[in-house]
Q: 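Quick one: this structure, given as structure tokens, is what I'll be asking you about.
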Amino acid sequence: MLAEQEIIARFCEAGHLVDPTVVSYLRERGDPALISGILSGIRKDCVVVLPSHIPSLTPKRDGIRFTADPLLEVVEGMEGSAGPVRQIEDYVSLFRSRYDCLGSLIRKRSGAIPIEALTHSSRFRDSEVTIIGIVIDVKSTAKGHRILELEDPTGTMPVLFNNGRDGFSDAERIVPDEVIGVRGKLSPEGKLFYADQLFRPDVPVQHAPYTPKNSGKVALISDIHFGSDTFLQEPWERFCDWISAADDISYLLVAGDLVDGIGIYPGQEKELTIPNIYEQYDRLGEMLQTLPSSLGIVLAPGNHDVVRGAEPQPVIPPEFRSQFPKNCTFVENPAAVSIHGARVLMYHGRSIDDLIGMIPGARYEAPAEMMEAMLKRRHLAPTYGRRTPILATEKDRLLIDPVPEILHTGHVHITGISRYRGVLTVNAGAWQSQTAFQKQMNINPTPGQAVVVDLEQMEPQIYDFLS
Ligand code: D5M
Ligand code: FE
Ligand code: ZN
């Protein structure tokens with residue numbers, strides 16, 4: 001096991017600074033010989049050792065690309081794939097599929113043993129080992145250490161992270177139902193696993209986003225909330241006029257809460273200008289008819305839309321789509337669309353409320369940090385049973401696999417952008433001003449903004465239509 005300080009010191013002694021990505025790579029590999037190998041290949045006058053100096057960190061693309069026509073392709077979450085509500089027993093296959101996929105991502109970087117091999121024999125009693133499992137429970141002890149119960153298909157094991165250890169802040173951010181690997185040792189009496197190091201499935205450090213050539217720009221928005229009395233008609237119209245004139249924008253993606261819906265919260269009828277759900281969609285469709293027919297529009301549902309709330313959410317059904325123009329493509333929540341080969345993972349973002357409630361220091365004003373939390377866990381909604389309803393499906397549909405070029409969410413009504421290991425994360429704001437509820441909760445939205453991404457450069461830009 002290599003500590004961060006130890007790695008930095010080794011490079012420092014040799015007269016170099018070292019990039020944090022290289023440090024985290026070396027921590028994960030845990031092999032001191034690797035540092036010597038790297039140092040022997042570095043020129044003496046090199047100031048900072050970067051990922052590009054290390055052959056095994058050369059950029060690699062993840063997954064299959066779809067670079068042929070059509071230019072817009074729904075890769076996951078096309079109409080009909082969400083499936084019906086299933087039996088409660090299907091949660092077993094949901095979590096098994098989560099463990100298998102995310103566990104194998106961790107296993108690629110760190111050999112692991114089954115929990116059963118630790119509990120049923122004394123062979124590994126004195127050695128450092130890695131176990132991988134789903135966190136079935138996690139809490140802090142009276143002394144501020146972190147204790148959790150880890151489960152794999154062979155057994156369960158209580159795991160302790162000491163708060164005096166290097167990297168404890170990562171352990172503080174462990175949430176229920178995420179899949180992690182822990183490296184450490186079993187206690188002498190065999191009842192507790194002392195963890196030194198935490199592995200998350202994460203985005204590979206060498207992940208290289210695909211940037212299509214001559215692909216133009218895509219506008220990312222969310223949460224139109226059409227039909228609500230707080231819908232911002234004028235900023236919306238300014239946006240529509242602007243995008244109609246913007247020849248370089250080829251696609252408009254909307255990450256859910258297309259309309260305000262009916263009966264979503266108690267007393268909602270008093271806050272609606274259009275109290276009929278068919279009419280909400282019809283009027284929205286008519287507005288979208290005014291946009292150029294050459295603009296490809298992708299529409300996903302959110303928790304205010306007419307479909308079931310449990311995720312994956314199906315596409316908006318045909319009976320609500322009659323007024324939408326032909327250039328609209330309806331997708332599920334979540335969905336992955338490929339635009340000229342660049343993958344955009346669209347997710348409404350209900351789990352952001354849950355993550356903010358569980359991760360120390362998380363704030364509504366910085367939603368992109370929660371998107372990074374999703375990417376580290378390679379899961380859009382890691383925790384089951386809080387505010388994000390998740391359906392029992394045979395395969396876990398909320399996994400982040402493969403890694404997208406862009407992760408596009410909404411829901412919290414606050415714009416936020418970041419880049420994590422080459423993935424651009426965009427939480428798009430809303431077209432609804434602060435609601436009475438948000439005022440009570442002290443949530444201050446940033447409405448009337450669109451984020452435009454140049455796909456060739458992967459550069460985002462915020463456009464404000466509020467005034
Ligand atoms: O959610 C917009 C934001 O406001 C999101 O962060 C959740 C929060 N919100 C809104 N209504 C509620 C209720 N009733 N309980 C808890 N949190 C809420 P939206 O999906 O647009 O309603
Ligand atoms: Fe919303
Ligand atoms: Zn929402």
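What you see is a predicted model; the values in this text were computed from it and never measured. Numbering of ligands and ligand atoms starts at 1, following listing order.
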Q: Students often mix this up, so state it plainly: with edges at 30° and 60°, are the rings of Phe324 and Tyr281 parallel, tilted or perpendicular?
A: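 Aromatic pair Phe324/Tyr281 classed tilted.
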Q: Tell me which one of Arg350, Gln268, Arg387, Met441 gets a heavy atom nearest to atom 16 (C) of ligand 1.
A: Arg387
Q: Which residue owns the protein heavy atom closest to atom 6 (O) of ligand 1, what's the atom, and how far is it?
A: Asp353 OD1, 2.9 Å
Q: So, is the end of the Arg109 side chain (NZ or CZ) under 6.0 Å from the ring centre of Phe199 and within 45° of the ring's axis?
A: no
Q: With a 4.0 Å cut-off on heavy atoms, is Phe437 in contact with ligand 1?
A: yes
Q: Please check this pair: side chain of Arg397 against backbone of Pro312, looking for a donor-acceptor N/O pair closer than 3.5 Å.
A: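 Not a single qualifying donor-acceptor pair exists.
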Q: With the Fe ion (ligand 2) as the reference point, give the N/O/S atom of Asp257 that is nearest.
A: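 Among the N, O or S atoms of Asp257, the one closest to the Fe ion (ligand 2) is OD2.
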Q: Report whether any nitrogen, oxygen or sulfur of His348 sits less than 2.8 Å from the Zn ion (ligand 3) (N, O or S, backbone or side chain).
A: yes
Q: Among the N, O or S atoms that Asp223 has, which is closest to the Fe ion (ligand 2)?
A: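 The closest N, O or S atom of Asp223 to the Fe ion (ligand 2) is OD2.
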Q: Would you mind running through ligand 1 and noting each atom that sits below 4.0 Å from a heavy atom of Gln438?
A: 2 (C), 3 (C), 4 (O)
Q: Grab the two heavy atoms, one from Leu398 and one from Tyr347, that are nearest each other, plus how far apart they are.
A: CD2-CE1, 4.0 Å
Q: Indicate, as side chain, backbone, both or neither, the part of Asn303 found under 4.0 angstrom from ligand 1 when only non-hydrogen atoms are considered.
A: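 For Asn303, the contact with ligand 1 is made by the side chain alone.
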Q: Taking 4.0 angstrom as the limit and counting only heavy atoms of Val412, give me the atoms of ligand 1 inside it, by number and element.
A: 6 (O)
Q: Classify the angle between the aromatic ring planes of Phe465 and Tyr463 as parallel (below 30°), tilted (30 to 60°) or perpendicular (above 60°).
A: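 It falls in the parallel class, under 30°.
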Q: Below 2.8 Å, any N, O or S contact between Asp223 and the Zn ion (ligand 3)?
A: no
Q: Looking at Met374 and Ser351, what are the two nearest heavy atoms and their distance?
A: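 Scanning both residues completely, I find the closest heavy atoms to be CE-OG, 3.5 Å.
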Q: Looking only at N/O atoms, are His304 and ligand 1 under 3.5 Å apart anywhere?
A: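 Between His304 and ligand 1, an N or O pair is found under 3.5 Å apart.
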Q: Would you say His411 reaches the Fe ion (ligand 2) with an N/O/S atom under 2.8 Å?
A: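 Not a single backbone or side-chain N, O or S atom of His411 is under 2.8 Å from the Fe ion (ligand 2).
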Q: State whether the shortest distance between N or O atoms of His348 and N or O atoms of ligand 1 falls below 3.5 angstrom.
A: no
Q: Do the charged groups of Glu178 and Arg173 touch, with an N to O distance under 4.0 Å?
A: no
Q: Are any non-hydrogen side-chain atoms of Leu291 and Leu252 less than 4.5 angstrom apart?
A: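 Yes, at least one pair of side-chain atoms sits under 4.5 Å.
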Q: Which single N/O/S atom of His225 lies at minimum distance from the Fe ion (ligand 2)?
A: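 Nearest N/O/S atom: NE2.
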Q: Could you pull out the atom name of the N/O/S atom in His411 that is nearest the Zn ion (ligand 3)?
A: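 It is ND1 of His411.
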Q: Taking atom 3 (C) of ligand 1 as the point of reference, which of His225, His411, His413 owns the nearest heavy atom?
A: His411
Q: Measure centre to centre between the rings of Phe226 and Trp236, then say whether the value is under 6.0 Å.
A: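 Ring-ring flag for Phe226/Trp236: false, centres at least 6.0 Å apart.
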Q: For the residue pair His411 and His348, does the interplanar ring angle fall in the parallel (under 30°), tilted (30 to 60°) or perpendicular (over 60°) class?
A: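 Judged by the thresholds at 30° and 60°, the geometry between His411 and His348 is perpendicular.
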Q: Looking at Glu459 and Lys217, is there a salt bridge between them, counting it only when a charged N and a carboxylate O are closer than 4.0 Å?
A: no
Q: Report, rounded to 10°, the angle at the Zn ion (ligand 3) between the two atoms OD2 (Asp257) and OD1 (Asn303).
A: 100°
Q: Pick one of side chain, backbone, both or neither for how Asp257 approaches ligand 1, counting any non-hydrogen atom pair under 4.0 Å.
A: side chain
